[in-house]
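Below you'll find the structure, written out as structure tokens, and then a few comments.
Predicted model, so just to flag it, every value in this text is computed and none were measured. In what follows, chains carry the letters A, B, and so on, assigned in the order in which the sequence lines appear, proteins first and then strands, with residues in each chain numbered from 1. Just the heavy atoms: all of them, side chains too, but no hydrogens, waters or symmetry mates, feed the values below.
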Amino acid sequence: MECVFGLVGDGFAVIAADTSAVNSILVHKSNEDKIMILDSHKLMGASGDMVQFTEYIQKNVHLYQFRNGIPLTTAAAANFTRGELATALRKNPYFVNILLAGYDKETGPSLYYIDYIATLHKIQKGAFGYGSYFCLSMMDRHYHSGMSVEEAVDLIDKCIMEIWSRLVVAPPNFVIKIVDKDGAREYAWRETIKDAGVAAA
Amino acid sequence: MARYDRAITVFSPDGHLFQVEYALEAVRKGNAAVGVRGTDTIVLGVEKKSTAKLQDSRTVRKIVNLDDHIALACAGLKADARVLINKARIECQSHRLTVEDPVTVEYITRYIAGLQQKYTQSGGVRPFGLSTLIVGFDPYTGVPSLYQTDPSGTFSAWKANATGRNSNSMREFLEKNYKETSGQETIKLAVRALLEVVESGGKNIEIAVMTKDKGLRQLEESEIDDIVAEIEAEKAAAEAAKKQPPKESTS
């Protein structure tokens with residue numbers, strides 16, 4: 001099952017997500033990027049039925065920027081996302097859980113937890129999926145505010161190790177993305193299976 | 001004739017849609033706007049009416065971007081422009097969402113022109129009173145384009161064009177002086193065209209430059225002043241050169 005987790009550090013926020021696309025017992029691919037870069041300084045990691053919804057949010061975030069000449073704040077983007085989920089909830093709900101991380105010049109890094117029934121929380125650390133059973137405990141034990149990038153990635157690696165060793169259907173690969181004052185970007189991959197090319201005849 | 005210009009949906013006996021022609025009149029009264037297409041740069045320029053002392057000039061943006069790679073300048077009713085620009089911006093994002101590709105300049109021009117045409121064939125509405133100059137780079141081939149639309153809903157591509165007040169003089173100037181340019185030369189050509197009809201100085205001209213890599217960049221007033229000064233110096237040098245040769249040949 002899909003594992004997405006993240007935390008806020010000193011001047012940055014980081015999200016890690018597994019990268020397997022699964023249908024019942026079949027793994028379609030192991031390098032599916034589930035963390036969308038919403039704009040220059042926002043990341044949206046989603047689990048579940050994500051593509052439709054996250055692309056819609058991304059285009060609306062861009063539209064706001066063109067209309068108003070300035071980008072949305074992370075809080076505004078999170079509330080907009082929650083609003084869209086809430087409106088659709090009692091008609092045609094989206095089954096998607098989201099961790100939204102962003103960096104604003106005035107307020108620094110932030111992380112928001114938005115689940116599929118449109119709950120919104122601003123958090124320092126959070127996780128979705130079966131992996132959350134392990135990640136939340138690891139983060140409770142090791143997290144402290146103001147972690148450096150090295151410390152945060154070390155904690156992420158600890159969480160990934162727990163998932164790999166303790167979850168029966170552990171996803172083999174993870175992607176880690178970071179957002180700070182210099183923008184949102186991919187940080188690293190953690191792979192146990194590399195998608196091989198076609199074998200030579 | 002007076003009976004055929006009330007409603008937009010009524011043709012006159014000689015085949016005119018008077019409301020559309022009156023809309024073109026409104027455009028002719030609007031601020032001058034010019035667009036020039038270079039090989040790697042496209043420049044949009046508009047006349048800036050002197051801002052009132054108490055007005056915050058930053059809130060009066062005449063050249064806007066519709067997407068990362070498309071920009072628009074217009075002449076005519078600015079309130080109508082707001083509506084068209086808003087719809088165009090939504091269409092740019094909607095296109096990206098449904099086909100995962102940015103719009104081409106031609107597509108968004110066709111869309112805006114289509115909107116303008118719709119309002120010439122509906123009951124109870126009036127046409128948009130503005131002509132637009134739309135510029136951009138094709139997202140894949142990188143080819144620069146400049147298009148113009150008008151209240152009737154027609155559109156076409158241009159190498160350089162002008163609309164709004166005194167557009168005929170500007171277009172004549174461009175026809176006489178246009179050649180394939182790039183970079184700073186394209187900017188200077190656009191400024192020279194505007195200076196034909198506008199008081200010189202950075203205060204009265206707004207220029208925006210679009211390049212493939214950097215997108216749309218609005219020039220600062222000081223930069224425009226520098227370009228204007230360069231142009232005036234070149235003009236003065238050309239005048240001086242014209243006066244010299246006759247003296248040399250006689251001596």
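If you measure heavy-atom distances from Ile85(B) to chain A, you find no contacts under 4.5 Å at all.
Here the straight-line distance linking atom CZ of Arg67(A) with atom CG of Leu66(B) works out to 12.0 Å at 0.5 Å rounding. The distance from the OH atom of Tyr56(A) to the CG atom of Leu97(B) is 9.0 Å, given to the nearest 0.5 Å. Note that CD1 of Ile90(B) is 13.0 Å distant from CZ of Phe66(A), once rounded to the nearest 0.5 Å. The structure places CD of Glu55(A) at 12.0 Å from CD of Gln93(B), a figure rounded to the nearest 0.5 Å.
For Tyr143(A), the OH atom counts as densely surrounded, since its 6.0 Å shell holds more than 12 non-hydrogen atoms of other residues, nucleotides or ligands. Other residues, nucleotides and ligands place no more than 12 heavy atoms under 6.0 Å from the CD atom of Glu220(B). Gln55(B) CD: more than 12 foreign heavy atoms inside a 6.0 Å radius. Heavy atoms of other residues, nucleotides or ligands lying less than 6.0 angstrom from NZ of Lys118(B) number 12 at most. Other residues, nucleotides and ligands place more than 12 heavy atoms under 6.0 Å from the NZ atom of Lys78(B).
Judged purely by atom type and a 3.5 angstrom limit, Arg89(B) has no side-chain atom pairing as donor or acceptor with the backbone of Leu63(A).
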